[in-house]
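Let me begin by presenting the structure, written as structure tokens, before commenting on it.
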Amino acid sequence: MISRLLKETDWERIKVLLEKLDQYQLPPVPGLEERISKLSVSLNSAGFDRWGFHPDTLRKVAPLLYWVYTKYFRVEVSGLENCPHGRALYVGNHGGQLPMDAMIIGLALFLETDPPRIGRAMVERFVPTLPFVSGLFSRLGAMVGDPENCLDLLNHDQSVLVFPEGARGSGKLYTERYELQRFGTGFVRLALETKAPIVPVAIIGTEEMYPSIYNLKSLAKLIGAPYFPITPFFPFLGALGLVPLPTKVTIRFGAPIHFEGDHHESEDAIREKTEVVKGVLRKEMEEGLRQRGNAIFGK
Amino acid sequence: MKPKLLITGASGALAHLVAQSLSPNWKVIGVDPRPERLRGTFPGEYIQAEYNHRRMDEVFHQHQFQGLIHLGRIRETAQVSATERFQLNVVGTKRLLDLAKRASVPKHVVLSTYHVYGAHRLNALYLKEDAPLRASQTFKELADAVEMDHAATNFMWRERGSTTVVLRAANVVGKNVQNAICTMLRAGLAPRVLGFDPLFQFIDEQDAARAIILALDAKESAVYNLAGEGVLSYSKAIELSRALAIPVPPLGLRWVGAGLSKLGLSLPRYLFEYFKYPVVVDDSAFQKAFVFQPKVKTREALAALALGRDRAVYLPT
């Protein structure tokens with residue numbers, strides 16, 4: 001049918017185009033090897049670190065991630081001087097259905113700080129059930145947000161990335177964007193226990209990437225997901241609907257917060273400290289939103 | 001006169017290695033329900049008997065054992081029904097430990113498996129010994145493994161006069177090891193669940209044998225996780241053992257399982273769950289208690305599997 005519509009020369013042209021697309025190589029990431037070698041990780045004989053981080057996987061996907069980071073989202077970062085050496089708990093705002101915020105902050109920590117860090121993202125408990133994503137995330141240093149995992153990482157002086165809003169944050173509708181939801185308190189207890197500084201990270205742009213207009217709870221329940229977003233493009237455009245909008249992304253690392261005290265304190269006392277972090281993060285977000293301008297084009 | 005030691009699962013590769021290393025100082029007696037794989041190769045006396053059979057009473061009457069190493073656990077295959085397996089593994093273990101208690105055997109080592117923790121998305125990455133055993137919840141085919149572990153730990157808590165060490169070992173690999181994952185990687189065909197690539201741990205048979213021997217001389221009873229060098233993804237393990245990965249969509253698992261068993265490679269169904277979610281154990285307690293460091297690199301242990309491969313057996317040409 002199609003072959004009748006198209007002339008043979010058209011076929012050839014399409015073939016050449018597809019071949020070109022197939023062979024297209026993204027430009028290499030400048031200084032990638034140097035950055036990888038500067039990471040403070042010890043690898044076993046199979047090339048993995050203690051938590052399943054796999055530099056070879058990073059090498060493979062780095063060009064694509066770099067392109068997405070620099071060209072697609074045009075990420076701008078400020079406050080890099082606030083990233084501590086050694087253990088740290090980065091606390092970010094969460095939104096935008098898929099954990100793109102974790103990926104982008106992780107990339108910022110790897111690409112922009114010196115020495116580079118692996119942002120160990122603590123992901124939602126349903127992430128291991130996602131095909132393809134689960135493996136890739138694990139190879140790039142992410143882990144399920146279990147307190148045990150977080151404790152183990154901090155005790156080994158790693159940079160851990162948490163989103164205390166959890167699924168409450170990432171499942172937000174477009175109309176609720178940049179409204180911080182209720183924070184879990186576990187992260188403050190972990191910071192107290194390991195004496196790790198808390199770095200508030202405001203990420204702007206990620207909460208508009210997948211503008212969810214409705215959360216189809218019944219379907220979410222059926223497939224065992226915490227939420228099922230309906231956006232203007234998903235699920236109506238199928239896989240195409242998974243492509244995020246090309247928003248302008250800015251990241252602001254706030255000044256580290258050091259808490260003192262006992263991690264077995266009452267929930268009220270911990271809640272107070274959590275609110276302090278939330279307050280600082282909210283301020284950073286407001287500043288970031290003011291400076292950004294248009295969601296797609298920036299200023 | 002050398003003290004006497006009873007090793008179960010004597011037909012297996014691990015028992016051979018342990019018996020070999022211990023034979024200069026111990027008189028080793030091996031028991032297994034299976035016949036000896038290669039007649040006359042077991043370094044010690046070989047007795048073919050089921051652990052819950054009356055024959056075991058006689059064995060304990062004849063010999064005054066100073067140690068028991070229980071390595072025998074029958075894995076899920078098509079040939080043995082679940083009831084039979086439960087009988088052999090759980091009832092058999094209880095009976096063995098009972099006989100050992102009556103004969104006042106002072107030292108016990110029981111080899112359990114990391115499978116008892118169960119492949120579950122809620123698992124922390126480094127499971128300590130006190131983590132919940134979810135296996136019987138996720139797969140009833142593993143109920144016998146969990147129950148066997150319970151039987152051993154119960155015995156350990158009850159019998160404070162003797163020492164009992166329960167080792168929950170990661171996947172043991174070695175050229176003659178017959179566990180499911182080893183058989184599969186050696187055969188060169190490795191199904192994986194499409195889209196999933198969990199972290200795995202392996203331990204070389206030599207290291208496992210060394211750990212078991214160390215555990216025999218433990219000062220205190222305890223449960224320990226046991227693993228080799230580091231973690232790696234399942235796909236990397238397949239790559240290192242130069243096997244062929246067969247990606248299976250989650251819905252086609254049953255079908256592929258049936259196909260593979262036609263090729264002479266029967267995989268327990270629960271294993272597919274371990275191809276989806278990681279079960280990574282924290283082995284630091286054992287390393288600390290016994291100053292133990294695995295000597296064989298995981299890369300080498302897996303590469304060695306490829307060397308001993310006889311493809312013709314499994315791949316019809």
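A note on names: the letters A, B, ... follow the listed sequences, proteins ahead of strands, and every chain is numbered from 1. Worth saying up front: this structure is predicted, and the values here are computed from it rather than measured.
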Under 3.5 Å, side chain of B:R299 to main-chain N/O of A:S45, donor-acceptor pair present?
yes

Rounded to the nearest 0.5 angstrom, the CG-CD distance for A:N44 and B:Q201 is 10.0 Å

Honestly, the part of B:L240 sitting under 4.5 Å from a heavy atom of chain A is side chain

Bottom line for A:D146: the part with an atom under 4.5 Å from chain B's heavy atoms is side chain

So, the part of A:L130 with a heavy atom under 4.5 Å from chain B: the answer is backbone

| query | Do A:F132 and B:L194 come close enough that some side-chain heavy atom pair is under 4.5 Å? | reply | yes

Correct closest heavy-atom pair for A:T129 and B:R121 would be CG2-CD, 3.2 Å

Side-chain donor/acceptor pairs under 3.5 Å, residues 288-298 of chain B, sequence neighbours excluded:
residue, atom, partner, partner atom, Å
B:Q293, NE2, B:Q287, OE1, 3.2
B:T298, OG1, B:E229, O, 2.5
B:T298, OG1, B:E229, OE1, 3.4

Notebook entry, point to check: For atom CD of A:E267, is the number of surrounding heavy atoms from other residues, nucleotides or ligands below 6.0 Å larger than 12?
Noted result: yes

Nearest heavy-atom approach of B:G195 to A:S134 is O-OG, 3.9 Å

Heavy-atom closest pair (A:R139 atom, B:P198 atom, distance to 0.1 Å) is NH2-C, 4.3 Å

Of A:R50, A:R125, A:E148, the largest count of non-hydrogen pairs under 4.5 angstrom with chain B goes to A:R50

Heavy atoms of A:D49 and B:V231 approach each other most closely as O-CG2, 3.4 Å

Q. Are any of the side-chain heavy atoms of B:Y126 and A:N149 separated by less than 4.5 Å?
A. no

